[in-house]
Amino acid sequence: MVVVALWCLFFAYGSPDGDIIDCVHISNQPAFDHPFLKDHKIQMRPNFHPEGLFDENKLSEKQKEGSNAASSITQLWHANGKCPEDTIPIRRTNEDDVLRASSVKRYGRKKHRSIPKPRSADPDIINQSGHQHAIAYVEGDKYYGAKATINVWEPKIEQPNEFSLSQLWVLGGSFGQDLNSIEAGWQVSPDLYGDNNTRLFTYWTSDAYQATGCYNLLCSGFIQVNNNIAMGASISPISGYENSQYDISITIFKDPKEGHWWMQFGNDLVLGYWPSFLFSYLADSASMIEWGGEVVNSEPNGQHTSTQMGSGQFPEQGFGKASYFRNIQVVDSSNNLKSPKGLGTFTEQSNCYDVQTGSNDNWGHYFYYGGPGKNPNCP
């Protein structure tokens with residue numbers, strides 16, 4: 001749990017959604033509670049960016065009319081101000097947040113087995129984990145980062161203990177007890193945040209969600225350097241059915257010099273980094289990249305949840321109706337952004353949530369994904 005001493009605060013902003021955003025001096029952020037970071041010198045920017053990072057594929061004229069780039073996305077708390085230089089914004093954790101968790105120890109942590117394991121649609125694993133996915137993925141090489149432009153929606157959640165998210169995963173190790181994962185995207189999680197707002201989030205673990213890692217800044221690890229974006233804060237605006245579409249662009253990449261994993265939002269906002277020593281396998285490189293959606297299916301009343309993934313529409317509905325990832329890329333060993341080779345797809349129950357890939361000159365490699373959950377074909 002994050003406890004911010006009052007002497008650390010420069011400002012605190014009330015957000016229209018009820019959040020309180022504290023502006024905390026950059027050297028007093030939770031990351032430095034980690035014993036290995038006591039004498040860490042903050043790196044304010046990466047030494048290198050992946051080549052091609054700013055070569056965002058241009059949309060066709062028709063798509064420009066309906067889709068808005070990440071630059072138009074803001075966070076709700078910006079309505080009341082921004083944090084000054086040398087501080088970072090931190091969403092304040094309150095008592096209700098912690099009380100909603102299964103335990104204080106588990107607050108801000110994912111459950112084990114919440115990661116999609118392609119080609120393993122074992123019913124026992126599905127039922128044990130309660131997590132379902134619709135993803136695209138690559139494996140079989142060494143990867144040094146990933147990028148995606150992600151369509152932003154506000155899916156409906158049936159039960160407070162369920163969530164729906166859309167993210168990219170940077171993975172190393174096996175899918176056993178040693179899995180390393182860095183994750184970022186948007187999520188709706190009533191249990192974690194106390195509402196149904198769509199929020200920017202990150203996650204990391206070095207032991208398959210057992211003892212290490214957490215969401216956002218709820219434990220030590222991720223070092224934030226940006227004073228504009230608050231992890232866990234609400235995103236605005238969001239896409240509407242047959243209406244304006246809004247996207248966020250996220251890049252996670254490894255600095256070839258220092259070895260840290262950096263996160264970038266849009267084309268110019270470098271948010272911060274995960275120090276390489278947090279990880280075993282990812283200290284070198286990733287062995288798999290995944291992009292897509294995830295929901296928790298708690299099977300209320302013995303039936304499949306009606307919690308939506310993406311927009312709540314199946315992929316075949318297409319632009320303006322179904323949610324998408326576009327311009328998905330990987331970073332290779334030469335620090336270049338490349339189109340993914342051998343892109344695969346995976347979903348446990350395609351009648352509940354599905355995924356369909358494609359590629360064109362405007363969007364590069366892309367896919368539509370998601371679904372309504374419970375329906376006549378998904379009882």
Side-chain angles (χ1 to χ4, degrees), residues 1-15 19-47 75-78 80-95 97-98 101 104-105 107-110 181-185 187 192-193 199-206 211-235 250 252-253 255 258-266 268-279 282:
M1 187 178 72
V2 176
V3 178
V4 182
L6 290 178
W7 55 268
C8 297
L9 299 184
F10 280 62
F11 296 96
Y13 292 107
S15 176
D19 281 357
I20 296 175
I21 304 296
D22 293 318
C23 300
V24 177
H25 193 275
I26 191 170
S27 62
N28 290 322
Q29 62 182 291
F32 297 109
D33 293 338
H34 196 289
F36 289 178
L37 286 170
K38 292 301 182 187
D39 299 314
H40 182 79
K41 183 179 180 182
I42 299 173
Q43 191 176 341
M44 293 304 295
R45 60 187 59 83
N47 293 290
Q75 292 187 301
L76 287 179
W77 69 277
H78 290 161
N80 294 326
K82 299 279 182 73
C83 287
E85 287 189 24
D86 298 323
T87 72
I88 64 163
I90 298 181
R91 179 184 180 271
R92 185 179 297 181
T93 299
N94 60 43
E95 185 179 6
D97 290 336
V98 180
V104 173
K105 185 179 179 181
Y107 175 65
R109 298 181 185 273
K110 281 190 177 185
S181 182
I182 294 174
E183 307 165 26
Q187 67 180 164
L192 187 59
Y193 303 107
R199 295 168 176 273
L200 177 71
F201 83 95
T202 63
Y203 201 95
W204 71 273
T205 181
S206 61
T212 63
C214 61
Y215 282 110
N216 306 322
L217 302 181
L218 294 175
C219 67
S220 58
F222 182 79
I223 298 173
Q224 184 159 338
V225 299
N226 184 279
N227 64 334
N228 287 316
I229 301 296
M231 300 298 189
S234 298
I235 298 170
I250 291 176
I252 295 173
F253 62 96
D255 184 335
E258 299 290 340
H260 305 321
W261 288 90
W262 286 82
M263 177 180 173
Q264 182 152 315
F265 184 76
D268 52 8
L269 294 178
V270 175
L271 300 190
Y273 60 96
W274 293 267
S276 60
F277 67 74
L278 294 174
F279 306 101
L282 287 180

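Note that the numbering runs from 1 along the sequence shown for the chain. Atoms considered below: every heavy atom in the structure, side chains included; atoms not considered: hydrogens, waters and symmetry mates.
Using a 4.5 Å heavy-atom threshold, the side chains of P275 and L37 count as touching. Put simply, the side chain of N80 does not reach to within 4.5 Å of the side chain of F11, judged on heavy atoms. Using a 4.5 Å cut-off on side-chain heavy atoms (C-beta onward), M44 and I26 make contact. When side chains are defined from C-beta on, M263 does not count as touching I182, because their heavy atoms never get closer than 4.5 Å. Taking 4.5 Å as the limit, some side-chain heavy atom of I229 sits within range of a side-chain heavy atom of L200. Counting heavy atoms from C-beta outward, T202 and W274 have side chains that approach closer than 4.5 Å. Within the 4.5 Å cutoff, the side chain of L278 has no heavy atoms near those of the S206 side chain. When side chains are defined from C-beta on, C219 counts as touching W204, because their heavy atoms get closer than 4.5 Å.
Listed here is the closest heavy atom pair of S181 and F279: O-CE2, 4.1 Å. Residues D33 and K38 come closest through the heavy atom pair O-NZ, 3.9 Å. Heavy atoms only, all atoms of each residue included: I21 and P89 are closest at CG2-CB, 3.6 Å. Of all the heavy atoms in A12 and R92, the pair that sits closest is CB-NH2, 3.9 Å.
Judged purely by atom type and a 3.5 angstrom limit, R91 uses its side chain to pair as donor or acceptor with the backbone of Y193. A side-chain donor-acceptor contact under 3.5 Å links Q75 to the backbone of A230. T87 places no side-chain N or O within donor-acceptor distance of the main-chain N or O of C23, the cut-off being under 3.5 Å. In this structure, the side chain of D255 does not engage the main chain of P46 through any donor-acceptor pair within 3.5 Å.
In this structure, F277 has its ring center closer than 6.0 angstrom to the ring center of H34.
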Side chain to side chain contact (heavy atoms under 4.5 Å, CB included) between I223 and H40, intermediate numbers included: CA-CA 10 Å; I223 298 173; H40 182 79; 3.6 Å; yes

Verdict with reasoning, N216 to T93, per side chain to side chain contact (heavy atoms under 4.5 Å, CB included): CA-CA 11 Å; N216 306 322; T93 299; over 6 Å; no

For H25 and D86: C-alpha separation, side-chain torsions, deciding distance, then whether side chain to side chain contact (heavy atoms under 4.5 Å, CB included) applies. CA-CA 6 Å; H25 193 275; D86 298 323; 4.2 Å; yes

Give the C-alpha distance, both sets of side-chain angles, the deciding distance and a yes or no for side chain to side chain contact (heavy atoms under 4.5 Å, CB included) between N228 and K82. CA-CA 6 Å; N228 287 316; K82 299 279 182 73; 3.9 Å; yes

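If you take CD1 on I252 and CG on L282, they are separated by 10.0 Å, rounding to the nearest 0.5 Å. The distance from atom CG of L76 to atom OH of Y13, rounded to the nearest 0.5 Å, is 15.5 Å. Between atom CD of residue Q29 and atom CD of residue Q224 there is a gap of 6.5 Å, rounded to the nearest 0.5 Å. The CG atom of D19 sits 13.0 Å away from the CD1 atom of I90 when rounded to the nearest 0.5 Å.
The aromatic rings of Y215 and F201 sit perpendicular to each other, their planes meeting at more than 60°, with 30° as the lower class boundary. In this structure, H260 and Y273 have parallel ring planes: the angle between them is below the 30° cut-off, well short of the 60° mark.
Between Q264 and the options I250, V270, N226, a side-chain contact (heavy atoms from CB on, under 4.5 Å) holds for only V270.
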